[in-house]
There are 2 protein chains.
Amino acid sequence: MQLDKMVQFHKAVGDVTRIRILALLKKGPRHGQEIASKLGLKPPTITHHIAKLKDTGMVYARREKNTIYFHLDEKKLEYMATAIIRIGEENFVKNQELEMTEAEKQKIIKNFVTKEGKLKQIPSQLKKKLVILSYFVEHFELGKVYEEKEVNAYIKTFHEDFATIRREWVMQQFMFRENNRYQLNPKEIWPIVIEK
Amino acid sequence: MQLDKMVQFHKAVGDVTRIRILALLKKGPRHGQEIASKLGLKPPTITHHIAKLKDTGMVYARREKNTIYFHLDEKKLEYMATAIIRIGEENFVKNQELEMTEAEKQKIIKNFVTKEGKLKQIPSQLKKKLVILSYFVEHFELGKVYEEKEVNAYIKTFHEDFATIRREWVMQQFMFRENNRYQLNPKEIWPIVIEK
DNA sequence: TATCTAATTAGATATATATTTAATTAGGTG
DNA sequence: CACCTAATTAAATATATATCTAATTAGATA
């Protein structure tokens, strides 16, 4: 699960009113006014909270005549609630498979990077792709915040498809994005380990 | 799990920085400066976040010489993360056992409440206790917020041990507490059902 | 005891968010 | 089409919180 999705989920659940709404929806679909009166709040407040719950995907709406009923998707709730328990595990599993020596790494780099330092193409094999992503991402400094523009500009110095590279960095946990700004993740949570 | 504990937990996890800290602690104990430099933040910021994680109980500290290492308690994390999935279920199970007729209810009330409306004693049998708790809690209005003083004052009109009654109302989900103010919960989430 | 290091506290600032009232929108139904 | 009801949006307010710098505390060790 993506880091920002996880934050969004826990922010959504981290509120007394929204937990009370979830408790009600667990008993079955409810409509806005009903929820408002049961919790002693005004309808706009419920709209506000329901919006946050809907954004996570665990609540959805179905219209019946003039009334909109809100439903709880318990499967999604369960999936998202347990994601935090598995945090880092995907990486850990991958690490086992994705250890390699410095020599192997150099070979892959030599195959995919020109003498001028340009990326010939994005490797399709996961292992090789990760080597390449890690190789180029080392440009960034730990703790420094980068605008999307800066990230794009840097990628363009070695490859034209900046959108793909940027997305892969985030997806593969080399970097993390927070409102369109980027930061390097510590190597410990990168999905690849190079034996020294 | 108590409602406010649940909110506290999800508020704690609902933050990018704290999730990143959890991801680090999952690999093993870390000390403050280490975390700060890995995440590109200053030590006071880490103190701030660690405090919130410690408050939930999922992180604890052990000193080694001059350095304090923070550990993740994965069992607690798992327990708290999954609590939201089970929300209302305890009540639902109880509901099955705790249905009763209006006549039964009246009998219990007659046995425990004096003609003057005073509570003779708090029943020790769960079923009877819940009847008594529900009987007296009906005094409150849905959606209205009560100060602790008001709640105490009302309880004293029928029973001396106001602290126990107040605590039971919250524990049994008849009311909920938020920074020392109290509100009635909707009957739907009460742990008892009276057949009409 | 003096000094070093790691951690915490205090205070300041900027941002986010929970709630309300008033106004508006969106679908039904006569 | 006119009207009704439920839901949403807008704007305002109050509260909470994430982060930093500067100052302080707490232990360890020489």
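Letters A, B, ... are given to chains in the order of the sequence lines, protein chains preceding strands, and every chain is numbered from 1.
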Base-pairing mate for dA7(C) - Watson-Crick or G-U, with both contacts under 3.5 Å: dT24(D)
Quick note, H49(A) side chain, CB onward, closest among dA18(D), dT9(D), dA18(C) is dA18(C)
So does K42(A) get a side-chain nitrogen or oxygen closer than 4.0 Å to the phosphate oxygens (OP1/OP2) of dA22(C)? no
Does dT9(C) have its OP1 or OP2 closer than 4.0 Å to a side-chain nitrogen or oxygen of T47(B)? no
Phosphate-side-chain proximity, T67(B) and dA6(C), N/O vs OP1/OP2 below 4.0 Å: no
As a test of reading the structure: which of dT17(C), dT19(C), dG27(C) is closest to the side chain of N66(A), going by heavy atoms? dG27(C)
Selection from dA7(C), dT19(C), dT19(D) that lies nearest to any side-chain heavy atom of T17(B): dT19(D)
F158(A) ring center within less than 6.0 Å of F136(A) ring center: yes
In terms of side-chain heavy atoms of P43(A), which of dA18(D), dT20(C), dT8(D) is nearest? dT8(D)
Is the shortest distance from a Lys or Arg side-chain nitrogen in K38(B) or E34(B) to a carboxylate oxygen in the other one below 4.0 Å? yes
Below the 4.0 Å mark, does dT5(D) have OP1 or OP2 next to a side-chain nitrogen or oxygen of K65(A)? no
Whichever of H31(A) and P44(B) has its nearest DNA chain D nucleotide further upstream toward 5': H31(A)
